[in-house]
Amino acid sequence: MSLFVRKQLPIIIASILGILMILAYFTTFDIFAQFKGIATSWVVIVSAVTVAMGFVYMTNAQIKMYQMNKTPLQLAYTLTTYVFFGAFMIAGLAYKGDVNSPEYQWWFQNIYGNVSATIYAVMYFTLASSAYRTFVISSIESEALVLGGMIYTLRQIPLFQVYMPWIVPLGEWFLLVPNVGGSRGAVIAAAFAALVVGIRTLWGKEVTLEVSS
Amino acid sequence: MALFVDVLGGLVGTFFIISVLSMLWKDNPIFRIGQQAIIGATMAHYILLNFKSALNNAVLPMLGGNLLLFVPLLLGVLMYTRLKNEIAWVARYPTGVLVGVGTGVMIAGTLRGQIIDQIKNTVLDLTNSAVSGNMTGIINTLLIAIGVVTAISFFTFTREHKGVLGISAKIGRIFLMISLGANWSGELVWYLTQLIGRLSWIINTVIKVMLLGG
Amino acid sequence: MSKDKPVTFWEKLGNIDYRWLYALSLVFTIIPILQPLGLPVQVSEPTIGYCDAINNLQPGSVVAVSFGSSLALLDEQEAQYLATWKILFQKHMKVIFYCTYADSALILQKHLGSKVKPEDYGYTYGEDYVWLGYAPLGEAGEASFAQNIRGVYPKDQFDTPLDEIPMMKNINDQSGIDLLIFTYTSCTDVEWPVRQWVVPYKKPTIVATLGCCGPMAAPYYPTQIQGFLSGSGMGTELEVYSGNPGPGAMMSDAKNLGILPFLLFFLLGNVSYLGKRYAGGKSKEVK
Amino acid sequence: MIIIKTGTYLDLTLLIVLIVAMYYYNKVALAGKLPPLRTIPAIGAITEGVGKSIEENKPVHYAMGASGGQLYTQLLSMTLVALAFLNYISKLCAKYEAKLIVHMPYQAESIPLIEAMVRDGYKSEGKPELFDPGCLRYYGYGALTWTQSVTASYDTEGVGLNLSIGIFYSDCPISLEMAKIKGGLNVGGTGRWIMVYAFAMMCDYVFLGQEIYTAGAMVSENPLMLAGVFVEEVGKYFSYILLALGFIIATMGVSAVNAFFAL
């Protein structure tokens, strides 16, 4: 197959599609808006069909882990993955209503629901330990970090709201004035960088895509 | 008394909560069993949801006569060529389609939502305060505007942070740090609530109600 | 934790094994769950505004609840929801529930099925409240709902066409709704009801969200939204203000105590830093 | 006939300004006349971290976020930057023969690009045989399985350098802190401002917000990517001008401001 077909044509397709999407945003021509509607629904389908590839790579990783550590315990870990994979697949396919069936929802709520909620809980610990290490008043910048963090933390704890009522307006002020100023500036700056990446992609000069070719 | 299936659900849920929390202590078989189980479970969930979506939104409508939907289905299948080195280049086509559409969506959304609207809000906040004559409001919104300008100046890379730019960048960095602290704080207390919620569920629902019948 | 072994007292103070912090946090959080302490709560203005927006409606007014809740984040918002449902039913509002997130239907099923049963307040399904099921609306969907409810939800959760539901006979769009309660978990979503309900129709609106999303909602209060709840803290405030005890009180107690180990470690970290800086050379080594 | 939608004139102006600036700076870059950029300390820390990994005989971990493979959303630019860094770290690992582990995001559609970046990294250092497909780890759907699996990987395989760049949500507070606790050198950043705090607090070296894009250009050493940094600066000047114009128009009242920004 020619170099053009293997390398350049996919990049040209990306550029053309991107430009058409932008025309849908800027122009009054209905045809572009219709095209945008079709294209955005198509990419969801492409993505959905691709999903089983994850299973291949997951299996690769499981094999790799077992090769690195050939013990009965590691084998048990690996088997656990496939047992639960099978259980969810069966629960999701065998019952009426598939993923909405009570049987599937039982699995989903008791495992997925609890684990996802607990993951957020674990973050409390990681945030607390990182603050123990980092929230040290050693420079103007770190003082600003500590001030923004601690005052708003105390503002959210009911006990401090009652016994230190001034913390409420002060916490709100930090949140609604310096926080808004800083974050708006950061968002704008990052947005320009994102735009440049976008324009470079349309130009056909995005290095990432070139490398992948 | 709670139903057996509820009790079983409670115990399974409790096992997984303890499994996740145990990773804070150190690596252990309970954590690893839970972690591996979740990989399998989420993989299956992801496949089920997506294949159902592909079936309902593409395969069935295509069989119903909308032949154009063959194109995204084919593009999706072409992604799998990545698995074989000799034909891996074919996967660039569906990737190009995704990236092209994504770029257009990104540029259109970023221009207004993340740049022009942010500037508009900065101007409008100050204008509204000035019109209302609220002195505190004017000072606050002026501070926001200063924060915006100086924070942007911090992200200047083509010149060294010296002179006026140095001062501005330094002020901007202070605004940015306060913002980081506030973001951290908002999430810390939220996560604490999540911790309370899970512990409360184990103690008040699983132990007291399901097991002790309270 | 630094890789080098701490030598001085000050260094050791700044290098305590994190697991002590984790263990103390767990213990301090569990105490109030086992034995609620009933520590006081101060009710804030946005919570009062939220509650009063419902209280000020005439009995029989129609309230639409856009319910976008997630199972994983329920701990943060359940107190808000349960107190809100209770207030709505106590005040005899006619309620239209519609779910905008996949998990929301499961949550609502549990709430209305066992935790706050509308029937206990003398409600009849289809006459006093309806549940329109789940559709991933997004902002465009919210706009469509305001313009034509049947266009988005032609049937209710139980597959009954809306035209066959008595309560929905004369309710076709936003004009038949007196108040919107919008619940969400993605901070920027607060803009949706503002853009699609408040700006075009001046519809009274209140919102409920996560604690970390409060700052994004605050700028819209009180000019565009009449009140807002962010996090379980404000859920507790709503329980207190409306006189409907719920899970929030225990949450607040646990928060009050659970945060203390962190505050202690924060102080230790700073004492360690100051000690190292000002007395580090002279400090006695602790073996 | 009006072909441009009302309400997009300002957007279009900004886009044209950026395109013209890109054309200009691309020419300057290809002529080799771009001035040097301000240094970002975190870039140097990446090489330092690879050295540390080799010294300690531990792997280099690369993470682009549990949801970091978004190819058709508004966050696409961050995915592309993360891929640029992946290519860079692959080259470094190939060059110094450090072991690399890539924790892939759950979006399976991004896997071909990820694999291509790593393969290219090894190939461009002349050591394609060192590439091990088993280094690409996939963990199923969502942040919860990802954070747990990444933590398990730190535990069982160790961590020398943990480079985390891309789209991060509530997954990074666990992965970064766990890498730190396990003795890893944390370097990273995200363009999502709401999560930058986690990087600022848990990383030894951090890229604050936009810095990931600039650093991405610097590590690529590609003149066109470096030219992009100058284009971004032009954009920032545009935003200052827009802000100043807004304030001038504000003297005519709130409705004038609304009318101007509705252009």
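Within every chain, numbering begins at 1; the chains are lettered A, B, ... in the order of the sequence lines, protein sequences first and strands thereafter.
Residues B/Leu24 and C/Tyr18 have side chains not in contact (no heavy-atom distance under 4.5 Å, counting atoms from C-beta outward). Considering only heavy atoms from C-beta on, C/Phe262 comes within 4.5 Å of B/Leu188 through its side chain.
Between chain B and the residues C/Ala254, C/Ala23, C/Ser230, C/Pro32, the largest count of heavy-atom pairs under 4.5 Å involves C/Ala254. Across B/Leu21, B/Asp125, B/Ile196, the residue that shares the most heavy-atom pairs under 4.5 angstrom with chain C is B/Ile196. Ranking B/Ala182, B/Ser185, B/Gly186 against chain C, the residue ahead of the rest is B/Gly186, based on heavy-atom pairs under 4.5 Å. When C/Leu210, C/Leu73, C/Leu34, C/Ile259 are compared by the number of non-hydrogen pairs under 4.5 Å with chain B, C/Leu73 comes out ahead.
Taking each heavy atom of B/Val189 and C/Lys255 in turn, the nearest pair found is CG1-CD, 3.9 Å. Taking each heavy atom of C/Asp75 and B/Thr193 in turn, the nearest pair found is O-CG2, 3.7 Å. When all heavy atoms of B/Ser200 and C/Met250 are compared, the closest pair comes out as OG-CE, 3.2 Å.
For B/Leu192, the part lying under 4.5 angstrom from a heavy atom of chain C is the side chain only. At a 4.5 Å heavy-atom cutoff, the contact between B/Ile203 and chain C is made by side-chain atoms alone.
C/Ile33 CD1 to B/Asn204 CG: the interatomic distance, rounded to the nearest 0.5 Å, is 7.0 Å.
The local environment of NZ in B/Lys170 is sparse, with at most 12 non-hydrogen atoms from other residues, nucleotides or ligands closer than 6.0 Å. Within a 6.0 Å radius of CG in B/Leu165, more than 12 heavy atoms belonging to other residues, nucleotides or ligands are found. Within 6.0 Å of atom CZ in C/Phe158, more than 12 heavy atoms from other residues, nucleotides or ligands are found, so the atom counts as buried in its surroundings.
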